[in-house]
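So that the names make sense, note that chain A is the first sequence line, chain B the second, and so on, each numbered from 1.
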2 protein chains.
Amino acid sequence: MTRVLVVDDEAPILRALKINLTARRYEVSTAADGASGLAAMARERPDVLILDLGLPDMDGTDVIRGVRGWTSTPIIVLSAWGQESQKVAALDAGADDYVTKPFGMDELLARLRAAVRRASPAPDEPVVVTGEFTVDLARKRVTRSGADVRLTPTEWQLLEVLVRNADRLVTQRQLLQEVWGPGYQTEANYLRVYVANLRRKLEPDPSSPRYLLTEPGMGYRFRP
Amino acid sequence: MTRVLVVDDEAPILRALKINLTARRYEVSTAADGASGLAAMARERPDVLILDLGLPDMDGTDVIRGVRGWTSTPIIVLSAWGQESQKVAALDAGADDYVTKPFGMDELLARLRAAVRRASPAPDEPVVVTGEFTVDLARKRVTRSGADVRLTPTEWQLLEVLVRNADRLVTQRQLLQEVWGPGYQTEANYLRVYVANLRRKLEPDPSSPRYLLTEPGMGYRFRP
DNA sequence: GACGGGCGCCAAGGACGCGTGAAGACCTCG
DNA sequence: CGAGGTCTTCACGCGTCCTTGGCGCCCGTC
């Protein structure tokens, strides 16, 4: 299910969006100001952010920059009519789309669909195979010699990031950021623990890995 | 340079866009109806398509579907005010963005930048080759005659700075600053040690380097 | 021909990062 | 309310990498 975070300080709009989006089978969470919006982004990792520019505590473009600092989650911006310079600033700060209030719900929903579709251009290779195990990104399943391998949520997220960047070196910072969120960029401990777990479950010889390689001092690399 | 194809049947709008976009250093080509627009897409492979929905010969959403059949080039749609159902149909057909006429040129330009930015997340030159070895910046990988070369973090950082400034002289100060940070700008020792390491790992004859050259008294230079 | 600066090279120590096991905190079920 | 599973945190041993100093060589200069 697609998860949407709505950040707006006007309660009626918040309620209207929540009702409409929930009816369309989106999973909706909300925040009423910029600071708690940023916090919610990090905590809940929604698939899309709908952001009102007229927040009480922060400038809207600063919120956008705060989000863009660590993720490319699509951002749809809401704002009052006629503030064209704001539009430009928001788009340049990294917003993906812009809707002017008052807006039609149908238009917003269409833009939402477009944003989600753009963000997931992954009909490409949903399943990756190695000599030892196979990873099915779409089904979120891992099998090894025919049998399913049980992964915890964190283990799966970590593996997913590595597999999506197959053959690429993924920095420790990047891994921590994408799995645990910003603010964990120094907790390299977690990586050691969870990479060890994955190796134990996936590698033929966990102590001399063939697929989940560590690049000392830099990060990890998945080799298909 | 970014290439834009504008498809619109109204000559004044076509001219205005062409003038404004050209002034912004876009490379602009035009078409006046859907059929020639599709032909131009296939022929010229622009980086972005700006499409007016009100064309004389075809329905706008059909043009979008025709384009989406074979490429994911960003599409920005133009249309008259108030036709909300059209907007929805266009976005669902695969358009990336939507601008209502009359529109401000600044907004269109901002949306254009956003579309291009989304489409090309990799403005880098990811791989550099020499006669002896290849450096893949994106994958953070160095191969020499087919085999991977193991570099330590510091070695890699140093090599990366040199490769990104290929053919340019990089001063010792700059290298020390970018690899070790400010405050190390006098520790020229480090450079000697690590350049020697890199040469040992990459040069065919480390004692008479062909790719990692010393510029006495100044710094170093990478020659691809 | 002696001198000195800049560079290449080597080797040793100390610091740092990684893998590992284990224990406590936390959450989510039954 | 308890039990199982999951996440966090910590300490230890080991291997690697960084730092540092010294030495010799090749230049230029005096």
Side-chain angles (χ1 to χ4, degrees), chain A residues 42-45 140 142 148-162 169-181 183-222, chain B residues 140 142 148-160 162 169-173 175-176 178-181 183-221:
Chain A
R43 188 174 59 246
E44 303 173 7
R45 310 307 191 74
K140 292 203 193 308
V142 182
D148 276 21
V149 179
R150 272 191 50 82
L151 295 185
T152 72
T154 311
E155 286 166 8
W156 170 261
Q157 279 193 63
L158 181 59
L159 180 63
E160 181 168 6
V161 175
L162 286 171
L169 173 83
V170 190
T171 298
Q172 310 195 13
R173 294 181 78 84
Q174 190 182 340
L175 285 170
L176 288 165
Q177 200 161 70
E178 296 209 31
V179 177
W180 281 271
Y184 287 78
Q185 301 187 6
T186 60
E187 305 286 334
N189 269 323
Y190 297 4
L191 286 181
R192 292 203 289 273
V193 173
Y194 277 91
V195 169
N197 286 345
L198 284 177
R199 294 215 254 243
R200 208 170 302 132
K201 294 185 178 180
L202 299 178
E203 289 278 357
D205 179 6
S207 57
S208 62
R210 297 179 48 192
Y211 305 104
L212 301 169
L213 311 179
T214 134
E215 304 275 351
M218 310 183 68
Y220 293 88
R221 184 199 304 273
F222 167 70
Chain B
K140 287 209 196 322
V142 182
D148 277 20
V149 179
R150 272 190 50 83
L151 295 185
T152 72
T154 312
E155 286 164 8
W156 170 261
Q157 279 192 62
L158 182 58
L159 180 63
E160 183 167 5
L162 286 171
L169 169 68
V170 190
T171 66
Q172 308 194 4
R173 293 181 76 84
L175 285 170
L176 288 165
E178 295 209 33
V179 177
W180 281 269
Y184 288 78
Q185 301 188 3
T186 60
E187 305 284 333
N189 265 324
Y190 296 3
L191 287 180
R192 290 203 288 275
V193 173
Y194 278 92
V195 169
N197 286 345
L198 284 177
R199 286 185 182 148
R200 205 173 308 128
K201 293 185 178 180
L202 299 178
E203 290 278 357
D205 179 7
S207 56
S208 62
R210 296 178 50 191
Y211 305 104
L212 302 169
L213 310 180
T214 303
E215 303 277 351
M218 307 283 300
Y220 294 88
R221 182 199 305 271

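Closest to the side chain of A/Arg150, out of D/dC7, D/dT6, D/dT19, is D/dT6.
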> Just by protein heavy atoms under 4.0 Å, how would nucleotides 25-30 of chain C read 5' to 3' in B, S and -?
Replying inline: ------
>> Return a single string for nucleotides 7-24 of chain C, one symbol per nucleotide in 5' to 3' order, where B is base contact, S is sugar-phosphate-only contact and - is none, cutoff 4.0 angstrom on heavy atoms.
In response: BBSB------SBBB----
> If the sugar-phosphate is the primed atoms plus P, OP1 and OP2 and the base is the rest, what is the B/S/- string for nucleotides 25-30 of chain D, using protein heavy atoms under 4.0 Å?
Replying inline: ------
> Should B/Leu175 and B/Val195 be marked as a side-chain contact (heavy atoms from CB on, under 4.5 Å) after you check the CA-CA gap, both sets of side-chain angles, and the distance that decides it?
Replying inline: CA-CA 11 Å; B/Leu175 285 170; B/Val195 169; 5.9 Å; no
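For the atom pair CD (B/Glu215) and OH (B/Tyr220), the distance works out to 10.5 Å, reported to the nearest 0.5 Å. Note that CH2 of B/Trp180 is 8.0 Å distant from OH of B/Tyr190, once rounded to the nearest 0.5 Å. To the nearest 0.5 Å, the span separating CG on B/Leu151 from CG on B/Asn197 amounts to 9.5 Å. Here OG1 of B/Thr171 is found 8.5 Å from CG of B/Leu176. Values are rounded to the nearest 0.5 Å. Interatomic distance, OH of B/Tyr194 versus CG of B/Leu158, reported as 9.5 Å (0.5 Å rounding).
Taking 4.0 Å as the cut-off between side-chain N and carboxylate O, B/Glu155 and B/Lys201 count as a salt-bridged pair.
Proximity of a side-chain donor or acceptor of A/Arg45 to a complementary backbone N or O of A/Glu178 within less than 3.5 Å is detected. Distance alone, capped at 3.5 Å, is enough to place a donor-acceptor pair between the A/Glu203 side chain and the A/Tyr211 backbone.
With sequence neighbours excluded, no residue forms a ring pair (Phe, Tyr, Trp, His ring centres under 6.0 Å) with A/Phe222. Taking A/Arg150 as the reference, nothing meets the side chain to side chain donor-acceptor pair (under 3.5 Å) condition, with sequence neighbours excluded.
Remark: B/Tyr190 is not in phosphate contact with D/dC18, judged by side-chain N or O atoms under 4.0 Å from OP1 or OP2. Between D/dT19 and B/Trp180, a contact under 4.0 Å exists linking OP1 or OP2 to a side-chain N or O. Distances shorter than 4.0 Å separate none of the side-chain N or O atoms of A/Thr152 from OP1 or OP2 on D/dG5.
You'll find the side chain of A/Tyr184 stays beyond 4.5 Å of the side chain of A/Val179, heavy atoms only.
Between the CD atom of B/Gln157 and the C1' atom of D/dT19 there is a distance of 16 Å, rounded to whole Å. Spacing between atom CG of A/Leu158 and atom P of D/dT8 amounts to 12 Å, rounded to whole angstrom units. Put simply, CG on B/Asn197 is 10 Å from C1' on D/dC17, counting in whole angstrom units. The distance between atom CG of B/Leu151 and atom C1' of D/dC17, rounded to the nearest whole Å, is 13 Å. Taking atom CG on A/Leu176 and atom C1' on D/dC7, their separation rounds to 14 Å, with Å as the unit.
Heavy atoms only, all atoms of each residue included: A/Gly217 and B/Pro153 are closest at CA-CG, 3.6 Å.
Comparing the end axes of the helix from C/dG1-D/dC30 to C/dA12-D/dT19, each fitted to five base pairs by superposing C1' atoms of four pairs onto the next four, gives an inter-axis angle of 0° (nearest 10 degrees).
Side-chain contact check for B/Arg199 and B/Thr214: at least one donor-acceptor pair (N or O, by modelled atom type) lies under 3.5 Å.
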